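Notes for the one structure printed next.
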Amino acid sequence: MALIVKKFGGSSMATVQRIGLVADRVAQSTSQGDQVVVVVSAMQGETDRLLKLASQVCTMPRDREIDVLLATGEQVAIALLALALREKGIEARSFLGHQVKILTDNVHGSARIVTIDAAPVHECLQRGEVVVVAGFQGVDQDGNITTLGRGGSDLSAVAMAAAVGADACEIYSDVDGIYTTDPGIYSKARKIDKISCEEMLELASLGAKVLQARSVEFALKHKVAICCKSTFSEGSGSWVLPVISGLEGEAMAGLEGAVVTGVACDRNTARLSVLRIPNRPGTAAALFRPLAEDAINVDVIIQTAPQDGHCELSFTVPKASAERSVQLLLAHQERLGFAEVRVADNVAKVSIVGAGMRSQPGVALQAFEALGQAGIDIQLISTSEIKISVVVDDRLAEAAVRVLHDSFQLDRV
Ligand code: ASP
Ligand code: MG
C-alpha cells in the first residue's frame, strides 16, 4: 500500500467523459489498496475564459478579485471529480485551498506556498476516503484567496506530496512522459525513463512544457519524486528525481549515463543589442536596473571586449517584453550614453541540457561543430554547468534541435 498524490491537468479534466476516465485512474489505484490524494486543475480553457471575462471589466492584472475569480475554475473541477468518484462507489471528499489549508504569502497571481496543514487530509485517508484538492489556489494569513501563477497546479501537487509524505507524486497529462526533445519538432525524440530535477528544471525553464518550473524547484528542495504519465494510455511514464543520497554519483553523470539528456527550444524570445556603450564601471548595472525594476526577465547576456572606450551588450528577453525593454532603455539613453538599441524578435533559443556535461570536456565544441556543419549561424551563446544555450534565427531553430539531437545521439539510450 502506498500513499500517492495524483495530479490531473486541464486537458485530463476537459469534458465530463474525461473526468470519468480520471475517476477510473483513481479507482485503479484504490483497488490496489493505495491511499490517494488527487490534485486537479480547472477544466481545459476555463482559466483563460475567466481571465478574458476579467479583461472585459478591468485592466488590473494581479489582484485579490482576479484570484477570487480564477479559483472558481478548480472549485468546479474538484466537485465534479468527487461526484464522479462517488458514482463509482469510491468515497471522496473535495477541498478548496483554504480548507486544506494551503497557506501562501499574499502576492496575488503568483503566491508562494508557506505551509500545508496535512491533518484534514490524513483524517480523510484514515477513513478510507479519496481526497480531492483544488490545485493552483491557496489562502493568505488574512483569509484571502490566492493563486500560484499559471500552471500552478503542478506546484500544488508537489507541495501536497511533500506535506503528506507521499511515496510519489504522479502528474498526469495528455503526453506519456518527458521526451529528449519536443516530438512535434523531431520524430526521433525518445521518452526519458528518468531525469534529475536539476536537469528538468533547466528544460522546464527553457521551454519544455510538461512541468511547471516552480514545481520542479520545489521537488528538488523538498526531495519529492515526480512521475509524469498520460491519463489516456498505460505506460510507466518518466521519473523526475531529486538527488537522493547514495544516488549522487549517478545524478552527477546524468541518470541515464548520457552526457546530454535533452534539447529544448524556446521560441518566445527576442534579442536586444545595445550599441556603443561608454565602458565605465557601473554601466551594465545602470542599463539592466530599469529592466529589473519592471520585472523583465533578462537572459543570455553577452558583452563585447571594450574598444576605444566603448562596448556592446546583447541579451535576450521574452518576446512580449521586447518593446517595453526598448522603451525603458531609450528613456535612459542620455544618462547611459549608448548610441542605439536594436531588437530582433525573429530568434529562438535552443539549449542542450545534461548533468553529465560537468565531467565531460568538449561538449560545447561538439555542439558548435554540429551547428556549423549544418550552416546554422549562432548569434549568442550562454553556458552554465549543465546547459549550453545558443540563440539562432527562428527559421533555423527546429533544424538546430534536430542537428543537436542527432549529434548527441539522443534517440539511443
Ligand atoms: N488552471 C490553472 C491554469 O490554467 C492552473 C493549472 O492548470 O495548473 O494555469
Ligand atoms: Mg497545467
Side-chain angles (χ1 to χ4, degrees), residues 5-16 18-19 21-22 25 37-55 60-82 94-98 100 102 104-105 107-113 116 132-139 145-163 169-175 178 200-201 204-205 207-219 224 226-232 240 268 318 320:
V5 171
K6 291 177 185 282
K7 181 257 167 176
F8 294 91
S11 63
S12 304
M13 299 291 292
T15 60
V16 283
R18 289 191 177 186
I19 292 176
L21 291 178
V22 168
R25 281 263 172 228
V37 178
V38 190
V39 175
V40 292
S41 298
M43 295 171 78
Q44 190 163 41
E46 178 63 7
T47 309
D48 289 332
R49 186 185 76 85
L50 295 168
L51 275 172
K52 198 161 158 217
L53 282 179
S55 73
M60 211 49 138
R62 281 178 182 189
D63 125 290
R64 179 184 185 279
E65 307 314 323
I66 300 279
D67 281 354
V68 172
L69 177 71
L70 294 188
T72 62
E74 275 69 16
Q75 177 163 355
V76 170
I78 54 171
L80 286 174
L81 180 59
S94 65
F95 287 92
L96 290 166
H98 72 89
V100 178
I102 301 173
T104 71
D105 63 16
V107 184
H108 289 288
S110 58
R112 287 193 166 266
I113 296 177
I116 295 181
V132 185
V133 180
F136 179 54
Q137 59 177 264
V139 63
I145 296 173
T146 54
T147 64
L148 310 179
R150 296 310 302 271
S153 300
D154 290 349
L155 176 60
S156 308
V158 174
M160 186 55 75
C169 179
E170 298 175 347
I171 303 225
Y172 288 85
S173 68
D174 48 9
V175 291
I178 294 154
M200 190 62 223
L201 191 54
S205 318
K209 291 174 209 76
V210 203
L211 279 176
Q212 186 219 28
R214 270 177 72 192
S215 69
V216 184
E217 211 177 324
F218 196 100
V224 177
I226 302 175
C227 188
C228 294
K229 292 180 158 191
S230 163
T231 309
F232 309 110
V240 182
N268 174 27

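Position 1 is the first residue of the sequence, and the numbers go up from there. Counting starts at 1 for both ligands and their atoms, following the listed order. In this text the structure is predicted, and so the values were computed from the model without any measurement.
- Checked by atom type and distance alone, the side chain of Thr15 pairs as donor or acceptor with a backbone atom of Arg18 at under 3.5 Å.
- Of all the atoms in ligand 1, the ones that sit under 4.0 Å from a non-hydrogen atom of Gly151 are 3 (C), 5 (C), 6 (C), 8 (O), 9 (O).
- With Leu155 as the partner, the side chain to side chain contact (heavy atoms under 4.5 Å, CB included) test is satisfied by one option alone out of Leu211, Ile113, Val216, Val39: Ile113.
- A distance-only check finds a donor-acceptor pair linking the side chain of Asp67 to the backbone of Gly109 [under 3.5 Å].
- Atoms of ligand 1 found under 4.0 Å from any heavy atom of Ser153 (numbered from 1 in listed order, with element): 5 (C), 6 (C), 8 (O).
- By the 3.5 Å distance cut-off applied to N or O atoms, Lys7 is not counted among the residues near ligand 1.
- The shortest distance between side-chain heavy atoms of Asp154 and Lys7 falls below 4.5 Å.
- Close contacts between ligand 1 and Glu74 involve ligand atoms 1 (N), 2 (C), 5 (C) [criterion: under 4.0 Å to a heavy atom].
- Of the heavy atoms in Ser41, only side-chain atoms (C-beta onward) come closer than 4.0 Å to ligand 1.
- Residue contacts with ligand 1 include Gly152, since one or more of its heavy atoms lies under 4.0 Å from the ligand.
- For ligand 1 and Arg150, the ligand atoms under 4.0 Å from any heavy atom of the residue are 3 (C), 4 (O), 9 (O).
- Using a 4.5 Å cut-off on side-chain heavy atoms (C-beta onward), Phe95 and Ile78 make no contact.
- Considering Thr47, Ile145, Leu50 as possible partners of Thr72, the one that fulfils the side chain to side chain contact (heavy atoms under 4.5 Å, CB included) test is Leu50.
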